[in-house]
Each structure stands twice: as C-alpha cells, then as structure tokens.
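Step one of this worksheet: look at the structure below.
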Amino acid sequence: MNLYIDGRWVAAPDSAPVLDPATEEIIGMVPLAGADHLDQAVAAAVRGGRVWRDTPIADRTRILLTAAGLLTSRADQVARVMTTEQGKPLAEAKGEVLRVAGALRWDAEDARRAYGRIIPSAGDTVLSVRHEPIGPVAAFTPWNFPAGSPMRKIAGALSAGCSIVIKASEETPGTAVEIVRCFADAGLPAGALNLVFGDPATVSRHLIASPDIRLVAFTGSIPVGKLLASQAGAAMKPSLMELGGHAPVIVCADADPASAARAAVAAKFANAGQVCTSPSRFLVHRSVYDGFVAEFLSATAGIVVGNGLDDGVTMGPLANPRRLKAMEEFVADAVSRGATVETGGRRLDRPGFFFAPTVLTGVPGDALIMREEPFGPIAPITAFDDLDEALAIANSLPYGLAAYGFTRSSKTAEKLISGFEAGILSINHCGGSVHEAPSGGVKQSGYGREGGPEGLEAYLITKRVSHLLVD
Ligand code: NAD
C-alpha cells in the first residue's frame with residue numbers, strides 16, 4: 001500500500017499495522033506520510049487543481065462517471081477489502097460501495113447545473129452571480145464508512161472542480177486506496193486527488209495551516225471536529241463538519257410497536273451500531289412499551305454475529321478495541337444505575353472485537369448511554385408518558401444529527417418534525433441516507449451538508465460581478 005501524490009503511488013519510510021477486527025491478525029501496513037509528503041501533496045493539489053478546474057465540464061463529468069463505473073464493476077473486490085479491515089458483513093460493504101458510486105454519479109451530474117444568474121440592472125451594466133471552485137480541499141475521514149466518508153468528500157470536491165488532499169482512516173486504508181485507484185484509472189489529471197495517511201493530529205495541523213488549502217472537511221467525533229474547526233477558524237478558512245449524534249427514536253402511543261421495533265433493530269445493529277445516524281435512544285410510550293420491547297428482543301435474537309466474510313452473518317465485530325472497551329463501560333454504568341440487561345451486554349468469547357447485540361431496559365436518564373453517543377451495538381429503551389416530555393428528553397443533549405419518530409397520526413408526525421432539533425429526520429422508518437437529499441447536523445453535530453444540491457455549496461465560492469460595458 002502506498003500514498004497517492006501527484007498522480008503517482010509513493011512509498012513512505014514509516015508504516016503502521018492494519019488489523020482484521022474479526023481475527024485481530026495483521027493484514028497489511030499503512031504508509032505514514034511525513035511533512036515533505038504533505039507539502040508535495042498540497043503543491044500537487046495546487047497544480048492539479050488548476051488543470052482540473054480548467055478542464056471542460058463535459059470532460060470532467062465523463063472522467064467522474066468513468067470512475068463511478070469502475071467502482072461499480074469492482075464492487076465485490078472492494079467490499080472484500082472493506083470487510084477484512086473494518087468488519088461489516090460483506091453484503092453491507094458491497095451495498096456501501098454501490099451506494100457511493102451512485103453518490104459520485106449524482107454529484108458529477110449535479111455539478112453541471114451549478115448555474116449562476118444574471119440580475120436585471122442598468123442598461124450599461126451586466127450584474128451577475130457566478131459560482132467557482134473554492135480551491136484545494138483538505139479532508140479527514142473516519143473508519144466506520146471506509147468508502148462512504150471518503151467518497152462524499154472526493155465526489156463533492158472533484159464535481160465542483162476542486163482538487164483534494166484526503167487523509168482517510170489509518171484503520172481502513174485499503175478501501176480508500178481502491179477508490180483512488182478508480183479515479184486514477186479513469187484518467188483524472190495528476191494532483192487533482194491526493195491520498196495520504198499518517199499521524200492524524202500532525203497531518204491535520206500541517207494541512208490546515210497551509211495557505212494553499214481553502215476548505216477543511218471532516219467527518220468524525222465532536223471533540224476532534226471542534227479542534228479542526230478551531231484550527232480552520234484561526235486561519236479564516238471555512239469548514240464542513242459532519243460530527244457525531246445520539247439519535248432519539250420516539251415511538252408514540254398510536255404507533256404499531258412491532259413494526260417500529262423491527263425497523264429499529266435493522267437500523268440499530270447495522271454496521272454494529274457504528275453509524276453517526278444510528279438510532280440510539282429509544283423513548284417508547286408506556287402503553288406500547290411491552291409490545292415494543294418483546295418484538296425488539298425477538299428481532300435482536302435473529303442477528304447472526306460473526307466474521308463478515310462468512311455467509312449468513314448479519315453483524316460483524318466492532319472495528320477496533322476502543323469501541324469494545326467503550327461498550328463494556330456503557331453497560332457497567334447503566335447496570336450500576338439500575339438498568340436491566342435483556343440480552344447481550346458482553347464481548348464474545350472468541351478472537352476479534354466482537355460484542356453481543358445488547359438491549360437494556362429501564363435505563364435512567366442519567367446513565368452514560370443516554371447522554372453519550374454509544375457508537376456500538378447497544379440499544380437502551382425507556383418508557384415515557386407524555387410526548388412533550390419525550391421531545392424534551394430527545395432535545396436535551398448537545399447532539400442534533402438524526403432523529404426518528406413512529407406514529408399513525410399526521411398531526412403528531414408534524415409535531416415531531418418541527419419539534420426535533422436534528423438535521424436528518426425519518427418518520428415511520430429508519431432508512432439510511434440518499435444521494436439526492438442533504439445530510440448534516442445541527443447543534444454540536446456540525447455544520448454544512450453532504451448530498452443533494454446543498455452538498456456542492458461548501459465546495460463553491462460565489463462571486464458577484466458588476467460589469468460596466470465599455471466600447
Ligand atoms: P476519535 O475521536 O479518536 O477519532 C475519530 C476520527 O477522527 C478518526 O477517524 C481519527 O483518525 C480522526 N482523528 C482523530 N484525531 C484527529 C486529528 N487531530 N486530526 C484529524 N483527524 C483526527 O475517535 P474514535 O475512537 O476513532 O471513534 C470514536 C468516536 O468517534 C465515536 O464515539 C464517534 O462519536 C466518533 N465517530 C464519528 C463518526 C461519524 O461518522 N460522525 C465516525 C467515526 C467516529
């Protein structure tokens with residue numbers, strides 16, 4: 001595995017091991033960039049960025065669609081790389097690869113419609129608004145969606161005509177390498193896309209400080225997001241922050257508790273709960289609580305935990321030992337405050353970072369799991385009596401990414417939609433994100449949007465041009 005700088009695969013003197021979370025075996029070495037590599041990547045992004053923005057839009061679109069096609073045709077192989085380094089079941093990994101190829105297509109085609117406008121003005125003046133690429137982007141992405149997170153940033157930047165230096169996760173580097181290979185094979189000009197790995201804090205500080213970097217894009221935890229946003233702010237650079245969440249699910253008295261529970265289980269344990277929009281606090285009206293818990297437990301019992309490469313497995317290991325330790329701490333804390341472990345609650349007695357799908361009931365509001373993002377396969381369920389009280393609990397945390405509501409009443413649904421303090425709402429289902437609509441948070445879950453027409457906004461600047469006509 002190598003870094004990708006200025007259209008070439010470049011070796012690095014230092015490297016770190018990459019683990020298979022299902023076996024704990026070393027499966028490869030990730031190269032770690034030094035300061036000189038980072039400087040070369042930025043210089044390449046400046047040169048490549050000029051070439052890319054001056055490439056006719058039809059040619060840019062053709063290259064990006066070719067890359068999307070290559071990724072689609074390589075989906076099986078890329079999914080296998082992803083499962084081996086991240087753990088999610090092969091079918092989930094392949095779904096992610098195909099989805100991100102779709103996201104690239106969507107962004108590439110949408111960028112053709114980054115129209116400006118002509119504004120009526122005095123006859124001797126043409127007043128117009130134009131959109132142009134902001135310039136080289138520095139992006140930092142995590143390990144939970146090894147294809148999804150990098151591609152959202154790469155697709156946004158390249159579609160808008162920007163170059164990008166991306167530091168993908170050192171824990172899941174192989175997937176990012178496969179994605180970059182598709183762009184290289186599609187004929188992307190050298191320097192338009194550069195891939196580095198390294199010590200995260202060192203790489204981000206170095207890249208963000210570079211005057212040539214014009215936008216900082218990050219997906220990850222709130223504390224790291226605050227750090228990078230403050231570094232970007234100190235240099236007066238805009239940033240795009242996709243941070244953590246702790247999504248409430250409100251199941252109202254008039255909802256069908258069984259279908260709500262089945263939808264919730266499918267979403268909760270996808271990617272072993274390591275999803276920023278994962279439903280993670282279940283607030284269920286007391287009148288349907290028992291039915292919801294019974295169906296939730298029954299659906300949870302159907303989850304097959306194992307190596308994501310094996311047939312029939314529906315939940316893989318956690319991606320790293322940090323999450324395993326965090327799960328143990330969440331459960332111990334909840335139990336010490338009176339919660340009941342209905343199922344799971346422990347790591348599995350086998351190699352790999354496996355934690356059993358866990359359901360906790362009677363979880364008090366002051367339990368850690370009700371206040372901090374679990375980012376793992378634990379579902380805390382608690383009863384409520386009054387919808388206003390449930391909404392107040394839902395909005396009581398500094399997070400504001402996703403929220404879910406189940407009700408048969410359209411009036412109650414509208415109350416939830418306007419009441420939830422979150423950027424991504426799902427009513428009567430727990431479906432995932434779609435390319436054609438924006439995703440992003442409010443409050444401390446971040447700012448800026450990825451996906452939909454809004455997804456390109458961060459990567460474009462707006463110029464007002466007032467042109468006085470002269471002979
Ligand atoms: P972490 O805070 O150590 O790291 C989160 C991500 O940020 C990782 O990819 C890491 O490599 C990167 N990172 C850390 N310090 C950095 C820096 N100074 N500059 C640039 N990148 C840096 O946490 P973790 O243990 O990897 O993950 C656990 C927590 O992270 C979870 O609880 C969750 O809140 C959050 N997380 C969120 C998302 C998301 O999609 N929003 C994804 C992964 C992790």
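Here the structure is a predicted model, which means the values were calculated and not measured. Indexing begins at 1, ligand by ligand and atom by atom, following the structure's order. Residues: numbered from 1 along the sequence shown.
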Ligand-protein N/O pairs under 3.5 Å (ligand 1):
residue  : atom   : partner : partner atom : Å
ligand 1 : 2 (O)  : S221    : OG           : 2.6
ligand 1 : 19 (N) : P200    : O            : 3.3
ligand 1 : 19 (N) : S204    : OG           : 2.8
ligand 1 : 25 (O) : R322    : NE           : 2.7
ligand 1 : 25 (O) : R322    : NH2          : 3.4
ligand 1 : 26 (O) : W143    : NE1          : 2.8
ligand 1 : 26 (O) : R322    : NH2          : 2.9
ligand 1 : 34 (O) : E373    : OE1          : 2.3
ligand 1 : 41 (N) : G220    : O            : 3.3
ligand 1 : 41 (N) : L243    : O            : 3.3

Q: Say whether Q40 and N194, considering side chains only, have a donor N or O and an acceptor N or O under 3.5 Å apart.
A: no
Taking only distance into account, with no hydrogens and no angle test, what donor-acceptor pairs under 3.5 Å do side-chain atoms of residues 348-363 form with protein atoms, sequence neighbours excluded?
residue : atom : partner : partner atom : Å
T358    : OG1  : G345    : N            : 2.7
T358    : OG1  : A356    : O            : 2.7
T361    : OG1  : E342    : OE2          : 2.5

Name each donor-acceptor pair under 3.5 Å that joins a side chain in residues 206-218 to protein atoms two or more places apart or in another chain, with its distance.
residue : atom : partner : partner atom : Å
H206    : NE2  : D39     : OD1          : 2.7
S210    : OG   : D212    : N            : 3.3

**Q.** Parallel, tilted or perpendicular: ring planes of H246 versus Y399, cut at 30 and 60 degrees
**A.** perpendicular
Q) Looking at R74 and E178, does any basic side-chain N land under 4.0 Å from a carboxylate oxygen? A) no
Q) Which residues pass the side-chain contact (heavy atoms from CB on, under 4.5 Å) test with E242, sequence neighbours left out? A) K153, T219, E450
